[in-house]
Visitor: 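The structure's right below; bear with me while I get my questions together.
The first residue of the sequence shown is numbered 1, and numbering continues consecutively from there.
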Amino acid sequence: MSAQDDLPKLLGDCVHCGFCLPTCPTYVLWGEEMDSPRGRIHLMQQHAEGAPLNAPMVQHFDQCLGCMACVTACPSGVQYDRLIETTRAQVEREHPRSLKERAVREAIFRLFPYRRRLRALRGPLRAYQKSGLDRLVRRSGVLERISPSIAAMERLAPPLGKAPRLPEFVAARGKRRATVGMLTGCVQGEFFPGVNAATARVLALEGCDVAIPKGQGCCGALSLHSGREDEARAFARRTVETFESADVIVVNSAGCGSAMKEYRTLLADDPAWAARAEALSAKTRDLAEFLVELGPQSERRPLPVTLAYHDACHLSHAQGVRSQPRALLDGIPELTVREIAEPDLCCGSAGTYNLLQPEAASELGDRKAVNVDATGAELLVAANPGCSMQIATALQRRGAHIAVAHTAQVLDASLRGLGRDALVGRTS
């Protein structure tokens, strides 16, 4: 049954106990009841009973990050994830947005889910960064006056270097223990290609043949989590076709992995695709999740680095993957892992949130940066490209010189004996 058909029961599960309040980023920021999960559920109930989706109501839904911290905290098992995605789809169908809002949203969704378009942007963006024009533009504040969303896109872009291109197949090193398909992602693939290269190397060193389909496209995560259901389903079907012959699909981006595990729900009402989507969701694994299931094969060499590990919301709350990344890091000799205060509070990235709600996102990013800086770590590790960009930008605003890396890059440095210099000094 779809969430739309099941809406009365889903809404009725909430007993308004308030356990969600201290976990909700927007309630923590503003203390506004209607910007808490139970407040938004109250608004959803009003709409279900016939109230129109007016601008104030939609604003409260738009201001939700969809971080799912409330799902983890809720003692009643409220499926807020299904509720907010259903509500966002209703908003997209029923609520007329302003011309400016539509233009910004179309720009985002015409660009970020398409690898070729992002790749075409890399050259001009790299030249822009190398010229120093980026610093001049930021000081001038011109983009903020044109559009805070455009200014956020420019500000969040990581420093770009040469992008290594992966082959379609990477052979296992030593004894072959598994064959996996690997999702390269859109933003991950074009803005963080080093993460994908490290992921493929780590998998190979741990005895995996790695298939990296050349024709793969967007998994649909950004669309799914923004209420663009038809668009998300189209991306999902293509991803199912691309990967359904794989025994396991390994994903190194928290948002993408979460979306692919949701295909079983997204395509449940499509007779031609439901079973295929269910099968793909069942064999999708986050990189850390898979490596812990597989167990170590290659020797971990010492890595004398102190790092802070950040729980990406769509990894910890949506997928329940919390202990596995820490277990992998704990297995590296001489590595020190420090926990970040308020670990369950979103950094403000949340897919497209930091582009569409840049002011709130910046507040949350600054809060996260303070907590990261307080650990005294020299390296921040995150498993989602949006989190990496968001927190790196906030750390730069704070003047904190802390390198940023993915779990895969830390493992890669240890397995290949590269030492701390391979990681410390990395800013994206």
Visitor: Checking Arg276 against Ser281: is there a side-chain donor and acceptor pair closer than 3.5 Å?
Guide: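 Arg276 and Ser281 do not have a side-chain donor-acceptor pair below 3.5 Å.
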
Visitor: Judged by modelled atom types alone, do Ser76 and Asp13 share a side-chain donor-acceptor pair under 3.5 Å?
Guide: no

Visitor: Are the side chain of Ser223 and the backbone N or O of Ala232 linked by a donor-acceptor pair below 3.5 Å?
Guide: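 Not confirmed, Ser223 side chain does not pair with Ala232 backbone.
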
Visitor: For the pair Thr26 (side chain) and Asp35 (backbone), establish whether a donor and an acceptor sit closer than 3.5 Å, ignoring hydrogens and angles.
Guide: yes

Visitor: Taking side chain as C-beta onward, heavy atoms only, is Asp366 less than 4.5 Å from Val370?
Guide: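 Of all side-chain heavy-atom pairs linking Val370 with Asp366, none is under 4.5 Å.
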
Visitor: Between Gln390 and His310, do the side chains contain an N or O donor and an N or O acceptor separated by less than 3.5 Å?
Guide: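 No, no side-chain donor-acceptor pair sits under 3.5 Å.
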
Visitor: Look at the side chain of His317 and the backbone N and O of Cys313, then say whether any donor-acceptor pair between them is shorter than 3.5 Å.
Guide: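 Not confirmed, His317 side chain does not pair with Cys313 backbone.
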
Visitor: Could you tell me whether Arg117 sits above the aromatic face of Tyr114, with NZ or CZ closer than 6.0 angstrom to the six-membered ring centre and within 45 degrees of the axis?
Guide: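 Cation-pi check for Arg117 and Tyr114: passes.
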
Visitor: Are any of the side-chain heavy atoms of Met260 and Leu183 separated by less than 4.5 Å?
Guide: yes

Visitor: Hey, is the main chain of Glu33 close enough, under 3.5 Å, to the side chain of Ser36 for a donor-acceptor pair?
Guide: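 Judged by distance alone, yes, a pair lies under 3.5 Å.
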
Visitor: For a 4.5 angstrom cut-off between non-hydrogen side-chain atoms, does Leu291 reach Val202?
Guide: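 In contact.
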
Visitor: Is the backbone of Val321 close enough, under 3.5 Å, to the side chain of Gln319 for a donor and an acceptor to pair up by distance?
Guide: no

Visitor: State whether the side chain of Lys283 and the backbone N or O of Ile249 hold a donor-acceptor pair below 3.5 Å, judged by distance alone.
Guide: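 A pair under 3.5 Å: no.
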
Visitor: Quiz question: by atom type and distance under 3.5 Å, do the side chains of Arg115 and Thr184 form a donor-acceptor pair?
Guide: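 Yes, Thr184 and Arg115 have a side-chain donor paired with an acceptor closer than 3.5 Å.
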
Visitor: Strictly distance-based, threshold 3.5 Å: is any side-chain N or O of His47 a donor or acceptor partner for the main-chain N or O of Ala51?
Guide: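 Yes, the answer is positive, given that a donor and an acceptor are paired below the 3.5 Å cut-off.
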
Visitor: Do Asp62 and Arg88 meet the salt-bridge criterion of a basic N to acidic O distance under 4.0 Å?
Guide: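 The answer is no: the pair does not qualify as a salt bridge.
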
Visitor: Ser226 side chain to Arg228 main-chain N or O, any donor-acceptor pair under 3.5 Å?
Guide: no

Visitor: Give a yes-or-no answer on whether the side chains of Asn252 and Asp286 include a donor-acceptor pair shorter than 3.5 Å.
Guide: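 Note: Asn252 and Asp286 side chains miss the donor-acceptor criterion.
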
Visitor: Would Arg285 and Val251 count as a side-chain contact (heavy atoms from CB on, under 4.5 Å) here? Give the steps.
Guide: CA-CA 6 Å; Arg285 296 287 186 278; Val251 186; over 6 Å; no

Visitor: Report yes or no: is the cationic atom of Arg326 (NZ for Lys, CZ for Arg) closer than 6.0 Å to the six-membered ring centre of Tyr309, at no more than 45° off its axis?
Guide: no

Visitor: Enter the distance from Arg237:CZ to Tyr263:OH here, rounded to the nearest 0.5 Å.
Guide: 11.0 Å

Visitor: What is the minimum heavy-atom distance between Pro385 and Ser253, and which atoms define it?
Guide: CD-OG, 3.4 Å

Visitor: Using distance alone, with no hydrogens and no angle criterion, decide if Arg322 and Thr72 have a side-chain donor and acceptor under 3.5 Å apart.
Guide: yes

Visitor: Mind checking whether His16 and His42 have ring centres under 6.0 Å apart?
Guide: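 Distance test on ring centres: not under 6.0 Å, no.
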
Visitor: Check step by step if side-chain contact (heavy atoms from CB on, under 4.5 Å) holds for Cys64 and Tyr80.
Guide: CA-CA 11 Å; Cys64 172; Tyr80 183 83; 3.3 Å; yes

Visitor: Report the C-alpha distance between Ser362 and Arg397 in whole Å, list the side-chain angles of each, state the deciding distance to 0.1 Å, and finish with yes or no for side-chain contact (heavy atoms from CB on, under 4.5 Å).
Guide: CA-CA 10 Å; Ser362 290; Arg397 276 199 302 270; 4.0 Å; yes

Visitor: Between SG of Cys70 and CD of Gln79, what distance do you get to the nearest 0.5 Å?
Guide: 11.5 Å

Visitor: Can you find a pair of side-chain heavy atoms, one from Glu262 and one from Glu85, that are under 4.5 Å apart?
Guide: yes

Visitor: So, do Tyr353 and Gln63 sit near enough that their side-chain heavy atoms are less than 4.5 Å apart?
Guide: yes

Visitor: Which distance, rounded to the nearest 0.5 Å, do you find between the CG of Leu10 and the OG1 of Thr86?
Guide: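 The OG1 atom of Thr86 is 7.0 Å from CG of Leu10, to the nearest 0.5 Å.
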
Visitor: Would you give the length of the straight line joining atom CG of Leu328 to atom CD of Glu289, rounded to the nearest 0.5 angstrom?
Guide: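 So the gap between those two atoms works out to 11.0 Å.
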
Visitor: Is Asp373 close to Ile402 at the side-chain level, that is, under 4.5 Å between some pair of heavy atoms?
Guide: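 Yes, their side chains come closer than 4.5 Å.
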
Visitor: Could you tell me whether Lys261 and Glu278 make a salt bridge, using a distance below 4.0 angstrom between a side-chain N and a carboxylate O?
Guide: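 A salt bridge is absent here (no side-chain N lies under 4.0 Å from a carboxylate O).
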
Visitor: Walk me through it: do Val210 and Phe169 pass the test side-chain contact (heavy atoms from CB on, under 4.5 Å)?
Guide: CA-CA 6 Å; Val210 187; Phe169 181 80; over 6 Å; no

Visitor: Between Arg93 and Glu229 (salt bridge meaning N to carboxylate O under 4.0 Å), is one present in this structure?
Guide: yes

Visitor: May I ask you to decide if Gly295's main-chain N or O and Arg177's side chain share a donor-acceptor pair within less than 3.5 Å?
Guide: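 Side chain of Arg177 to backbone of Gly295: a pair is present.
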
Visitor: How long is the gap from SG on Cys186 to CZ on Arg116, to the nearest 0.5 Å?
Guide: 12.5 Å

Visitor: Any side-chain heavy-atom pair from His406 and Phe192 closer than 4.5 angstrom?
Guide: no

Visitor: If I take atom CZ from residue Arg82 and atom OG1 from residue Thr265, how far apart are they, to the nearest 0.5 angstrom?
Guide: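 Going from CZ on Arg82 over to OG1 on Thr265, the span is 6.0 Å.
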
Visitor: With a 3.5 Å distance limit and no angle check, can you tell me whether Ser388 reaches the backbone of Asn384 through a side-chain donor-acceptor pair?
Guide: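 Here the side-chain-to-backbone pair exists.
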
